[in-house]
Q: 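First, the structure itself, so that you have it in front of you.
All residue numbers refer to positions in the sequence shown, counting from 1.
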Amino acid sequence: MRTVYLDNGATSFPKAPGVGRAMARYIKEVGCSIGRGGYAPAYEAAALALEVRERLSALVGGPGGRNLIFTPGATYGLNVLLKGLLRPGDRVVTSSMEHNAVMRPLHQLERTGVLVDEIPCDSRGQLDPEAASKHLVPDVRALILTHASNVSGGLMPLEPLGRLCRARGIFFLVDGAQTVGLTPIDMAAMCIDGLAFSGHKGLLGPQGIGGLAVTDPLAGALEPLVTGGTGSRSESLDMPPFLPDALEPGTQNLPGIYGLSAALVFLEAEGEALRLRYRRLSGHLWARLKELEEDGLRVLGPDSPARRTGTVSVDWTGGDNGGLAFRLEDRFGIQTRCGLHCAPAAHRTLGSYPQGAVRFSVGPFTSFEDIDYVQDAVYRLITGA
């Protein structure tokens, strides 16, 4: 049976060419840690890690390689930002479309006395910058937003909100899990102070590696979430006062960094052509599923492909979403993700709570024929044709 993987919103598959080979080479031929050895393989690993920091920072318009912290993924980075910055009595603003990687840390912080203000989005999951600006009052410490919803695929208006935050002295924090790699983001142009992202989605790298890019002013305000060995300033019981060491304790995931390096080589070589293909695939998926709305399928999110990523979620008004997802794989080999997608707040906003939705998410290796096949399969299942 044909297999069509459409769960790239969870993790990209297949990975970029060369990722597995690079990881295997590290394990077989390098094997050592950074800052823990004075010999050639350790120097090689350190040089490659520095190069990956620089390339990642350039990709996101960040402040430079030393301001790029390696993390296990976007969730860890978001916890570093929120729990490292916010103190009892501080006020933080977010939206009603956030993932639990934001909502759960905020819920924890509320119990310590942090004040959380949630900006409501409309029924398409869209945020009005003018309405949002009214929430950015003088006592707000930070605004945290997703760049794109992992449910609707809708993009947030980062640039106007970033400018507002910068003008009002508010730290602007962004969850880039769904965008970094295939959807352009520019920290400098968007006035972003902290950007957390994963390596295994749009960057086409392995799981277990991600990044956190921070400006110097934000870094100076962060209390380290985790402390420990860094290979530097070992005589002190305090974390080193410089980046990346101040926020990067313990042994780095070197196999993941080597894999991510190979993924970056591929992304840089393919350049805009790859991103253009991704945008075209995204628009084609959205358009083909929209054609089925008259048959009882409700497509969630913005009604414009230009304001979306490659994620499209649907709510089958005439039946059970879980059953639809099951039969898509069982009968047609189409792999999706069904449920609340770790984002119940977003589903409440979109009117798909508690039933959830079936999520289709393309990657750059999806084909246009795959998408046409998906439309035909969904049509057959929801109409009984």
Q: So, does Gln375 use its side chain to make a donor-acceptor pair with the main chain of Arg288 at under 3.5 Å?
A: yes
Q: Would you please name every residue forming a ring pair (Phe, Tyr, Trp, His ring centres under 6.0 Å) with Tyr278, sequence neighbours left out?
A: none
Q: Has Thr112 got a side-chain atom pairing as donor or acceptor with Leu109's backbone, closer than 3.5 angstrom?
A: yes
Q: Can a donor-acceptor pair be found, under 3.5 Å and without considering hydrogens, that links the side chain of Arg308 to the backbone of Pro302?
A: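 Yes, because the side chain of Arg308 sits within donor-acceptor range (under 3.5 Å) of the backbone of Pro302.
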Q: Using only heavy-atom distances, determine whether the side chains of Asp295 and Thr383 contain a donor-acceptor pair under 3.5 Å.
A: no
Q: Just wondering, are more than 12 heavy atoms of other shown residues or ligands nearer than 6.0 Å to CZ in Arg380?
A: no
Q: For atom OH of Tyr379, is the number of surrounding heavy atoms from other residues, nucleotides or ligands below 6.0 Å larger than 12?
A: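 For Tyr379, atom OH is not crowded (no more than 12 foreign heavy atoms under 6.0 Å).
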Q: Just do the salt bridge (Lys or Arg N to Asp or Glu O under 4.0 Å) check on Arg279 and Glu272 with the steps written out, would you?
A: CA-CA 10 Å; Arg279 290 196 296 271; Glu272 183 56 31; 2.6 Å; yes
Q: Indicate if Phe368 and Ile334 have the same hydrophobic cluster label, given that clusters are the connected sets of ILVMFWY residues with side-chain heavy-atom separations under 4.5 angstrom.
A: yes
Q: Got a sec, which residues hit ring pair (Phe, Tyr, Trp, His ring centres under 6.0 Å) with Phe332, two or more places apart in sequence or on another chain?
A: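 Here no residue qualifies.
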Q: If we only count heavy atoms from C-beta on, is the Met190 to Glu159 side-chain gap below 4.5 Å?
A: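 Yes; the side chains approach each other to less than 4.5 Å.
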Q: In a check of side-chain contact (heavy atoms from CB on, under 4.5 Å) between Ile192 and each of Val174, Leu161, Leu173, which one passes?
A: Val174
Q: Is it true that a side-chain atom of Glu98 and a backbone atom of Thr146 form a donor plus acceptor pair closer than 3.5 Å?
A: yes
Q: Considering all heavy atoms of both residues, which atom of Ala221 and which atom of Leu85 are nearest to each other, and what is their separation?
A: CB-CD1, 3.9 Å
Q: For the residue pair Ile185 and Phe197, establish whether any side-chain heavy-atom pair is separated by less than 4.5 Å.
A: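 No. Closest side-chain heavy atoms not under 4.5 Å.
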Q: Is the backbone N or O of Ser367 less than 3.5 Å from a side-chain atom of Asp370, with the two atoms forming a donor-acceptor pair by type?
A: yes
Q: Can you find a pair of side-chain heavy atoms, one from Leu68 and one from Val60, that are under 4.5 Å apart?
A: no
Q: Establish whether Leu50 and Leu264 are linked, either directly or via other cluster members, by ILVMFWY side-chain heavy-atom contacts under 4.5 Å.
A: no
Q: Would you indicate whether the side-chain heavy atoms of Val362 and Ser282 approach each other to under 4.5 Å?
A: yes
Q: Give the minimum heavy-atom separation between Asn67 and Thr215, together with the two atoms involved.
A: ND2-C, 3.9 Å
Q: Is Val19 isolated, or which residues cluster with it under the ILVMFWY side-chain rule of less than 4.5 Å, directly or via members?
A: Met23
Q: Please determine, by modelled atom types, if Glu130 and Ser133 share a side-chain donor-acceptor pair under 3.5 angstrom.
A: no
Q: For the hydrophobic clusters of this structure (ILVMFWY residues joined by side-chain heavy atoms under 4.5 Å, transitively), does one cluster hold both Leu143 and Leu218?
A: no
Q: With Arg359 as reference, evaluate Thr311, Asn321, Val312 under the side-chain contact (heavy atoms from CB on, under 4.5 Å) test and give the passing residue.
A: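 The single option meeting the side-chain contact (heavy atoms from CB on, under 4.5 Å) with Arg359 is Thr311.
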Q: Would you please test Asp238 and Arg233 for salt bridge (Lys or Arg N to Asp or Glu O under 4.0 Å) and show each step?
A: CA-CA 9 Å; Asp238 293 318; Arg233 296 286 178 93; over 6 Å; no
Q: Could you tell me if Ser96 and Thr349 have a donor-acceptor pair between their side chains, going purely by distance under 3.5 Å?
A: yes
Q: At what distance, to the nearest 0.5 angstrom, does OG of Ser12 lie from CG of Asp7?
A: 10.5 Å
Q: Among all residues two or more places apart in sequence or in another chain, which pass the salt bridge (charged side-chain N to carboxylate O under 4.0 Å, His left out) test with Asp216?
A: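 For Asp216 the salt bridge (charged side-chain N to carboxylate O under 4.0 Å, His left out) partners, ignoring immediate neighbours, are Arg66.
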Q: Kindly determine whether His341 and His347 satisfy ring pair (Phe, Tyr, Trp, His ring centres under 6.0 Å), including the steps that lead there.
A: CA-CA 9 Å; His341 309 97; His347 278 282; 5.2 Å; yes
Q: Just so I know, are the side chains of Leu145 and Asp175 near enough to count as touching, which here means a heavy-atom distance under 4.5 Å?
A: no
Q: Please test Asp139 against Arg91 for salt bridge (Lys or Arg N to Asp or Glu O under 4.0 Å), starting from the C-alpha separation and ending with a verdict.
A: CA-CA 7 Å; Asp139 67 337; Arg91 184 179 296 278; 3.1 Å; yes
Q: Of the non-hydrogen atoms in Glu44 and Val30, which two are nearest, and what is the gap between them?
A: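 For Glu44 versus Val30, the nearest heavy atoms are OE2-CG2, 3.6 Å.
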Q: Which atoms form the tightest heavy-atom contact between Thr309 and Ala148, and what is the distance?
A: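 Minimum heavy-atom contact is CG2-CB, 3.5 Å.
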Q: Would the distance check show the side chain of Lys83 and the main-chain N or O of Leu106 forming a donor-acceptor pair, the cut-off being under 3.5 Å?
A: no
Q: Let me know which of Val140, Val137, Ile170 forms a side-chain contact (heavy atoms from CB on, under 4.5 Å) with Val93.
A: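 Of the listed residues Val140, Val137, Ile170, the side-chain contact (heavy atoms from CB on, under 4.5 Å) partner of Val93 is Val140.
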Q: So, does Tyr26 use its side chain to make a donor-acceptor pair with the main chain of Cys32 at under 3.5 Å?
A: yes
Q: To the nearest 0.5 angstrom, please state how far the OG1 atom of Thr183 sits from the CG atom of Leu155.
A: 6.0 Å
Q: Between CG of Asp117 and CG of Leu136, what distance do you get to the nearest 0.5 Å?
A: 9.0 Å
Q: Has Arg307 got more than 12 heavy atoms of other residues, nucleotides or ligands less than 6.0 Å from its CZ?
A: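 Counting other residues, nucleotides and ligands, CZ of Arg307 stays at 12 neighbours or fewer.
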Q: Using a 4.5 Å cut-off on heavy atoms from C-beta on, say whether the side chain of Pro129 contacts that of Leu127.
A: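 Of all side-chain heavy-atom pairs linking Pro129 with Leu127, none is under 4.5 Å.
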Q: Decide whether Leu56 and Leu182 are clustered together by the hydrophobic rule: side chain heavy atoms of Ile, Leu, Val, Met, Phe, Trp, Tyr closer than 4.5 Å, transitively.
A: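 Per the 4.5 Å side-chain linkage, Leu56 and Leu182 are co-clustered.
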Q: Ala343 and His99: which non-hydrogen atoms are nearest, and at how many Å?
A: CB-CA, 4.2 Å
Q: For Phe13, which fellow cluster members are found when Ile, Leu, Val, Met, Phe, Trp and Tyr are connected by side-chain heavy-atom distances below 4.5 angstrom, either directly or through intermediates?
A: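 Result for Phe13 is Tyr5.
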Q: Go through the side-chain N and O atoms of His107 and Asn100 and say whether any donor and acceptor fall under 3.5 Å apart.
A: no
Q: Just how far is it from atom OG of Ser352 to atom CZ of Arg298, taken to the nearest 0.5 Å?
A: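 The CZ atom of Arg298 is 6.0 Å from OG of Ser352, to the nearest 0.5 Å.
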Q: Under the criterion side-chain contact (heavy atoms from CB on, under 4.5 Å), which of Leu289, Leu297, Thr336, Val378 is the partner of Val358?
A: Thr336
Q: Quick one: list whatever passes salt bridge (charged side-chain N to carboxylate O under 4.0 Å, His left out) with Glu29, sequence neighbours left out.
A: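 For Glu29, the residues satisfying salt bridge (charged side-chain N to carboxylate O under 4.0 Å, His left out) (neighbours in sequence not counted) are Arg25.
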Q: Side chains of Gln178 and Lys201, heavy atoms from C-beta outward: is any pair under 4.5 Å?
A: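 Yes, their side chains come closer than 4.5 Å.
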Q: Main chain of Ser261, side chain of Arg55: is a donor-acceptor contact present, judged purely on distance under 3.5 Å?
A: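 Answer holds: yes.
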Q: Which distance, rounded to the nearest 0.5 Å, do you find between the CZ of Phe172 and the CZ of Arg163?
A: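 Atom-to-atom, Phe172:CZ and Arg163:CZ are 11.0 Å apart.
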Q: How about Leu195 and Leu212: do any of their side-chain heavy atoms sit closer than 4.5 Å?
A: no
Q: Any donor and acceptor pair, going by atom type alone, linking the side chain of Thr366 with main-chain N or O of Gly363 inside 3.5 Å?
A: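 Yes: the side chain of Thr366 pairs with the backbone of Gly363.
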Q: Can you tell me if CZ on Phe242 sees more than 12 non-hydrogen neighbours from other groups inside 6.0 Å?
A: yes
Q: Is the count of non-hydrogen atoms from other residues, nucleotides or ligands lying under 6.0 Å from Arg280 atom CZ greater than 12?
A: no
Q: Rounded to the nearest 0.5 Å, how far does CD1 of Ile209 lie from CG of Asn253?
A: 5.0 Å
Q: Taking Ser57 for its side chain and Glu54 for its backbone only, find out whether a donor-acceptor pair lies under 3.5 Å.
A: no
